[in-house]
Amino acid sequence: MTLATQTLNSTSAAFKALVCKECGAEYPLEAIHVCELCFGPLEVTYDYEKLKQTVTRTTIEAGPHSIWRYRPFLPVATDNFIDVGTGLTPLIKSNRLARRLGIKNLYIKNDAVNMPTLSFKDRVVSVALSRARELGFTTISCASTGNLANSTAAIAARAGLDCCVFIPADLEAGKVLGTLIYGPTVMAVQGNYDQVNRLCCEVANTYKWGFVNINLRPYYSEGSKTLGYEVAEQLGWQLPDHIVAPLASGSLFTKIYKGFQEFIKVGLVENKAVRFSGAQADGCSPIAKAFREGRDFIQPVKPNTIAKSIAIGNPADAIYALETARKTGGNIESVSDAEIIDGIKLLAETEGIFTETAGGTTIAVLKKLVEAGKIDPEETTVAYITGNGLKTQEAVQGYIGEPLQIEAKLDSFERALDRSRTLDRLDWQPVLV
Ligand SMILES: *Cc1c(COP(=O)(O)O)cnc(C)c1O
């Protein structure tokens with residue numbers, strides 16, 4: 001469908017312009033992401049008066065069962081957005097994990113079951129590709145740490161867009177397979193994410209492609225706001241006291257903050273101070289390190305961690321993530337790979353949620369913050385679980401035991417049960433008949 005034949009519903013669209021986060025210069029709503037004057041990043045702004053007058057809790061609740069119920073807050077002008085059921089993932093009140101950690105009001109926002117590719121990236125890509133189509137792009141691309149490639153390939157397939165994605169060559173098998181299946185062109189680059197990203201910036205200058213996290217980044221990143229909106233709505237139109245989320249580029253973290261602020265601004269929730277705490281892996285923790293050392297700039301690092309999905313050594317939104325954690329009274333912490341594996345197992349064994357390494361990082365940092373007294377046991381705390389464990393099986397292989405191999409005979413089963421470490425956990429008394 002061409003732009004001319006779409007219903008350009010610009011009267012209901014509230015997004016106004018791109019504005020430089022550093023110097024405030026305004027730009028038209030095109031596929032650009034850097035300020036020409038000061039090289040600051042561009043961000044979408046909205047007409048909040050208009051949103052205040054037109055959006056209510058009721059209009060949102062009457063909307064689709066997806067991120068598109070918040071559409072007035074997203075940078076898409078037409079009714080022709082791509083709805084693949086992304087968003088409105090469960091917010092689960094934690095009982096067993098909370099008790100284990102010694103806190104009372106813990107919630108898990110479970111994007112491990114987001115649609116269609118089981119990570120929070122489906123949110124940002126749904127928005128980016130909807131906007132890309134409006135801007136007339138027919139080929140879509142991205143520089144990815146894995147989940148973004150899955151999401152971009154899947155949603156491009158659904159939308160009938162051509163797709164070429166770039167990934168570091170050493171990604172987990174599940175992430176590679178979970179991209180190839182949708183039939184895009186996949187470039188496995190010999191190098192880490194930061195090198196992939198640099199290459200993509202050059203490609204973006206040469207080819208008229210829509211790179212979701214480069215020239216479309218201002219639109220793409222707005223998709224993460226829905227992680228804030230949903231938590232507010234799912235808590236009964238209230239904000240939590242504290243959130244813990246993983247940091248790669250730092251974008252997701254700052255956009256949850258923007259989402260909460262927007263809901264306050266238009267009167268959908270009451271004003272409240274929310275503390276923002278961020279999670280990184282020791283093997284790629286430039287933001288946590290700057291936080292600990294009280295610096296407001298980061299020193300880029302070469303990533304070396306199993307948490308590949310959040311392994312960005314030179315994170316684009318680091319300074320904004322630092323600012324968000326500091327001004328809200330939060331923290332940014334990092335944990336070892338061993339702690340990340342324990343975090344994955346802890347969440348699985350207590351809540352029945354199998355998350356990937358990024359989620360293990362979040363849970364391990366949550367635990368660390370509770371133990372350090374940096375999360376109050378009474379605070380309403382939300383931990384954001386952003387990806388699915390089936391995609392990073394390598395990370396836990398060898399740490400989770402093996403099935404007991406038995407013959408299809410009752411005595412073989414009983415002998416195995418006798419020998420098994422699990423015996424004391426099971427109700428094994430034979431029933432007398
Ligand atoms: C990309 C990603 C993140 C972090 O995203 P940023 O917005 O770059 O900070 C977190 N978790 C998972 C699973 C991801 O794939």
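Order of appearance sets the numbers: ligands from 1, and atoms from 1 within every ligand. Since this is a predicted model, take the numbers as computed values, not measurements.
- Under a 4.0 Å N-O distance rule, the pair Lys272/Glu270 does not qualify as a salt bridge.
- Given atom 8 (O) of ligand 1, the protein heavy atom at minimum distance is Ser249 OG, 2.6 Å.
- Judged purely by distance below 3.5 Å, without hydrogens or angles, the side chains of Ser334 and Asp282 pair a donor atom with an acceptor atom.
- On a distance-only criterion, Ala358 and ligand 1 share no N/O pair closer than 3.5 Å.
- Taking distance alone, with nitrogen or oxygen atoms compared against 3.5 Å, Asn147 approaches ligand 1 more closely than that limit.
- Within ligand 1, counting atoms from 1 as listed, the ones closer than 4.0 Å to a heavy atom of Ile310 are 3 (C), 10 (C), 11 (N).
- There is no side-chain donor-acceptor pair under 3.5 Å between Lys374 and Ser277.
- Which parts of ligand 1 touch Glu356 is read off a 4.0 Å heavy-atom cut-off, strictly below it: atoms 13 (C).
- Of the options Thr226, Asp122, Asp83, a side chain to side chain donor-acceptor pair (under 3.5 Å) to Ser66 is made by Asp83 and by none of the others.
- At the top of the distance list for atom 1 (C) of ligand 1, counting protein heavy atoms only, stands Lys121 NZ, 1.3 Å.
- By the 4.0 Å N-to-carboxylate-O rule, Glu172 lies too far from Lys391 to be salt-bridged with it.
- Of the protein's non-hydrogen atoms, Thr386 OG1, 3.4 Å is the one closest to atom 12 (C) of ligand 1.
- Neither the backbone nor the side chain of Leu148 has any atom closer than 4.0 Å to an atom of ligand 1 (non-hydrogen atoms only).
- Listed by chain and number, the residues in a side-chain contact (heavy atoms from CB on, under 4.5 Å) with Ala149 are Ser144, Val165, Ile167, Thr179 (sequence neighbours excluded).
- Residues Asn147 and Glu356 have side chains that bring a donor and an acceptor to within less than 3.5 angstrom of each other.
- Contacts of Lys255 with ligand 1, taken as heavy-atom pairs under 4.0 Å, are absent altogether.
- Protein heavy atom closest to atom 7 (O) of ligand 1, with residue, atom name and distance, is Leu252 N, 2.8 Å.
- The shortest heavy-atom distance from Phe120 to ligand 1 is under 4.0 Å.
- Proximity of Ser119 to ligand 1 is not established, as no heavy-atom distance is less than 4.0 Å.
- Close approach of ligand 1 to Pro246 is summarised as follows: ligand atoms under 4.0 Å from at least one heavy atom of the residue are 10 (C), 11 (N).
- For atom 4 (C) of ligand 1, the closest non-hydrogen atom on the protein side is Ala248 CB, 3.5 Å.
- Each side chain to side chain donor-acceptor pair (under 3.5 Å) pair with one or both residues in residues 20-38, not counting sequence neighbours, appears once here: Glu22-Tyr320.
- Lys225 and Tyr229 are linked by a side-chain donor-acceptor pair at a separation below 3.5 angstrom, with hydrogens and angles left out of the test.
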